[in-house]
Structures are given as structure tokens and as C-alpha cells.
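Scroll down for the structure; my scribbles are underneath it.
Counting from 1, the numbers follow the sequence of the chain as shown. No hydrogens, no waters, no symmetry mates; every other heavy atom, side chains included, goes into these values.
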Amino acid sequence: MDRALRLAARGLYTTTPNPRVGCVIVRDGEILGQGFHERAGEPHAEIHALQRAGARARGATVYVTLEPCGHHGRTPPCVDALIQAGVSRVVAAMQDPNPKVAGEGLQRLRAARIAVESGLLEEQARELNVGFVARMTRARPWLRIKTASSLDGGTALRNGQSQWITGPAARRDGHRWRARSCAVMIGIGTLLADNPHLTVREVRTTRQPLRIVVDRQLEIPLGAHVLEGGHALIVTAQDRPEKVRQLERLGSEVVRLANPEGKVDLVALMHELARRELNEILVESGGRLNGALLRAHVVDELVVYLAPHLLGDTARGMFDLGELTALDQRVELTMREVRRVGNDLRVVARLTRGG
């Protein structure tokens, strides 16, 4: 199963909106076939493994990181292929998290008198598909905020200068988080200050994430880099038909999601992104949007790069949360990882309370 998980991870940058899945077919300690799902619309991991195993798959054991599909989607059900191949046992790391189909594939295998087990290395399988699981179980994508700061928490000088806080290794590592994400999101303040491209450039990838701009007043300049080549989603709270038409002519899409205060409804935005089959969202914005997302309780994870220098108490901070008046108002985190990346530290933490 560990080998199947490593195979599944080879689809880290490509499978969206599908989950990352790996499969290994074994008999008497010999690997007969293996494969992984690469992108939506193409064969699933089980099909690749069965093709490599051929007739030897009869009577073999199949290790797969996600319950084989038992329904028609973009491709035929993998359950049918496993039954036809005559495998004797299927071990799945986890059931399909989609409540509409969870368990269906395993039930069909059992009905065909194939031995079935599930739960082997389940935690690792869930981690590999944390966004897919989130979208299927709560109708929201996995939201990850990535930010970089000095050791004393400064992300930019008071005058806005911020390039570069961290070193080249950390910036390259940040592009890996972009590459695995379905979308990269910023606020209009970050766009106006930095005019970023939000594209993956430092690592090899066959696709670019959707670029999302949260722009309450629809202030985005028509020459902004994120609008180049289309594939951008502008989320606003204002009704400005002419500006919308101009953006649409550039190949972008504009969605209006206003809350009663006239701001962008961030909870509604998360549900809209899930409806669009986006699994993982990477936020690369400033303290204002970061803080608003935290206050809306839609943040799952933080990726923070800490640089070995100090910017002082006038520097801009990572999260605009307003003034807290009691310690029980703090946002509590669970530390997942601390790793050195070049001359910087990368901290990965998850929200445990207040998020």
C-alpha cells in the first residue's frame, strides 16, 4: 500500500478535480502490475495496473489507495474491470468520501465474491487527497494560506516593499504548493501592490491553477498580469456591468457574491469553488484577506516561511484580526511540520480552534 501511495503522489499536480490514486497488483510477493491516475478523463490507477498485469491478475491481490469506483463517470467503473480480471482480493486504503457513492464499489466487489478490506494506511491516503475529501464531505475546498515573514512576523515594510522576504529556495518551494493547488487566490490589495502573475514557473507542471481575485469594488486594472490569457475568476460585491463586460472580453469570469455588509461573502465563495470542483485553494495574499478568511472560519491550513531577519514593529503583519482582548479569542493551531528550506524555515500548521 505504501508503494501504491507513492505512485498516487506522482499525480499530485495533475489529477484535479479527481483524487490522486495509486494501485499495485500482487501475487505471491511479486508485483504483477502497477499504475496511478494522472488526469481526469484518462484511465484510473486500477486500469493501468490491470493492463500491465494482463492475465496474471487472475487470483491476485489488488492494493489501491481509494475505493474502486462503481459508477460511470468520465470513465467506466473500475469495479467491473476488477471483476472481469478475476482478482481474488482488494485492499483499499479508504472508502470513497463521496456520500452518494461511498461503499458502493466495495459492496459490488463483495457481491462478486471478492475478498475486500479497507483502512490500511488510511490516514496517509486522506492526507494525499485532503482537498478532495474536504470537498466531498463538507462542500468546501481545502483552504491553505501561504505567507512569508521575517522572524518577528513582518511581511512587508510600512511603505509596502516586500520583495523579497525569503530566499530563492523558499520561493521555489512555494511554487510546488501552487502546482498542487486547483486555484491561487489573492485580494485586490495584493494585486494593486505587487501585480503578480500567480503562475507556476519554478517547477514543471502540465497545467496552471485558476487565478482568483477577491475584489470587492471591482477595482482590478484591465492590464493586470492575472488577466493575461484568461483563466481568471474575479469575485466582487459590486454590480458594475460595463467593467464586467470588459473583463469578460479579456477571457475572465466575474462572479458577484455580496454579504449584507456589502463585502464579498467568503463562505458563499468557498461553496461556489466547491461547486466548480476545486479541491485545494492556495491563498497568497496580505494580512487583510488572510484575516477576513480566518474570521469567516474557512481556513484549514497555514504554510508560513520564516526568514532569518527582523523588520521591526512598523512592518505589516501576516493576519489582520483586529484587537484581541482576551487570550481565549486567539486562533489556535496544531503544528504539523517545521522544515528548513534553504536559509528559511517552513512551518505547516492547521487550525484547531478559531478557524
Task: salt_bridge(Arg138, Asp300) N-O dist < 4.0 Å - done: yes

Task: Under-4.0 Å salt bridge between Glu332 and Arg330 - done: yes

Open item on the list: Test your reading of the model: is there a side-chain donor-acceptor pair from Ser181 to the backbone of Ile281, 3.5 Å cut-off?
Closed with: no

Task: Beyond-backbone contact of Leu210 with His231, side-chain heavy atoms, under 4.5 angstrom - done: yes

Open item on the list: Distance check, rounded to the nearest 0.5 Å: Thr190 atom OG1 versus Asn290 atom CG?
Closed with: 7.5 Å

Open item on the list: Just so I know, are the side chains of Met185 and Leu293 near enough to count as touching, which here means a heavy-atom distance under 4.5 Å?
Closed with: yes

Task: Atom pair CG/CG of Asp2 and Leu7 - distance to nearest 0.5 Å - done: 10.0 Å

TODO: Answer yes or no: is there a side-chain heavy-atom contact under 4.5 Å between Arg135 and Leu278?
DONE: no

Open item on the list: Within a 6.0 Å radius of atom CD on Glu123, are there more than 12 heavy atoms belonging to other residues, nucleotides or ligands?
Closed with: no

- [ ] Have a look at Arg176 and tell me which of Thr205, Leu12, Val203, Val200 forms a side chain to side chain contact (heavy atoms under 4.5 Å, CB included) with it.
- [x] Val203

Open item on the list: Which heavy atom of Leu66 sits nearest to which heavy atom of Ala92, and what is that distance?
Closed with: C-CB, 4.4 Å

- [ ] Take Thr206 and Thr14 through the side-chain hydrogen bond (donor to acceptor under 3.5 Å, both in side chains) test and state the conclusion after the steps.
- [x] CA-CA 7 Å; Thr206 58; Thr14 59; 5.7 Å; no

TODO: Following the transitive rule for hydrophobic clusters with a side-chain heavy-atom cut-off under 4.5 Å over Ile, Leu, Val, Met, Phe, Trp and Tyr, establish whether Leu109 and Val64 coincide in one cluster.
DONE: yes

Open item on the list: Can you tell me how far apart OG1 (Thr65) and CZ (Arg6) are? Round to the nearest 0.5 Å.
Closed with: 12.5 Å

Open item on the list: Whether Glu202 and Arg171 form a salt bridge (side-chain N of Lys/Arg under 4.0 Å from carboxylate O of Asp/Glu) is what I want to check.
Closed with: no

TODO: Report yes if some heavy atom in the side chain of Ile212 is under 4.5 Å from a heavy atom in the side chain of Leu273; otherwise report no.
DONE: yes

- [ ] Go through Ile165 and Thr155 one step at a time and tell me if the side-chain contact (heavy atoms from CB on, under 4.5 Å) criterion holds.
- [x] CA-CA 7 Å; Ile165 296 292; Thr155 62; 5.6 Å; no

Task: Charged N-O contact under 4.0 Å between Lys146 and Glu280 - done: no

Task: Side chains of Pro68 and Leu106 in contact at under 4.5 Å (non-hydrogen atoms) - done: yes

Task: Other residues, nucleotides, ligands: >12 heavy atoms within 6.0 Å of Arg249 CZ - done: yes

TODO: Decide, yes or no, whether a salt bridge links Arg126 with Glu122 under the criterion of side-chain N to carboxylate O below 4.0 Å.
DONE: yes

Task: Pair Arg178 + Glu284: basic N to acidic O under 4.0 Å - done: yes

Open item on the list: Are there over 12 heavy-atom neighbours, none belonging to Arg288, within less than 6.0 Å of that residue's CZ?
Closed with: no

TODO: Mind checking the CG-CG spacing from Asn129 to Asp96? Nearest 0.5 Å is all I need.
DONE: 10.0 Å

TODO: Output yes when a side-chain donor or acceptor of Thr334 lies under 3.5 Å from a complementary backbone atom of Thr352, and no otherwise.
DONE: no

Open item on the list: I'd like to know if Arg275 and Glu272 make a salt bridge, using a cut-off of under 4.0 Å between side-chain N and carboxylate O.
Closed with: yes

TODO: Return yes if some donor-acceptor pair links the side-chain N/O of His175 with the main-chain N/O of Arg201 below 3.5 Å, else return no.
DONE: yes

- [ ] Working to the nearest 0.5 Å, report the span between CG of Leu306 and CE of Met318.
- [x] 6.5 Å

Task: Straight-line distance of Thr15 OG1 to Arg10 CZ, nearest 0.5 Å - done: 13.5 Å

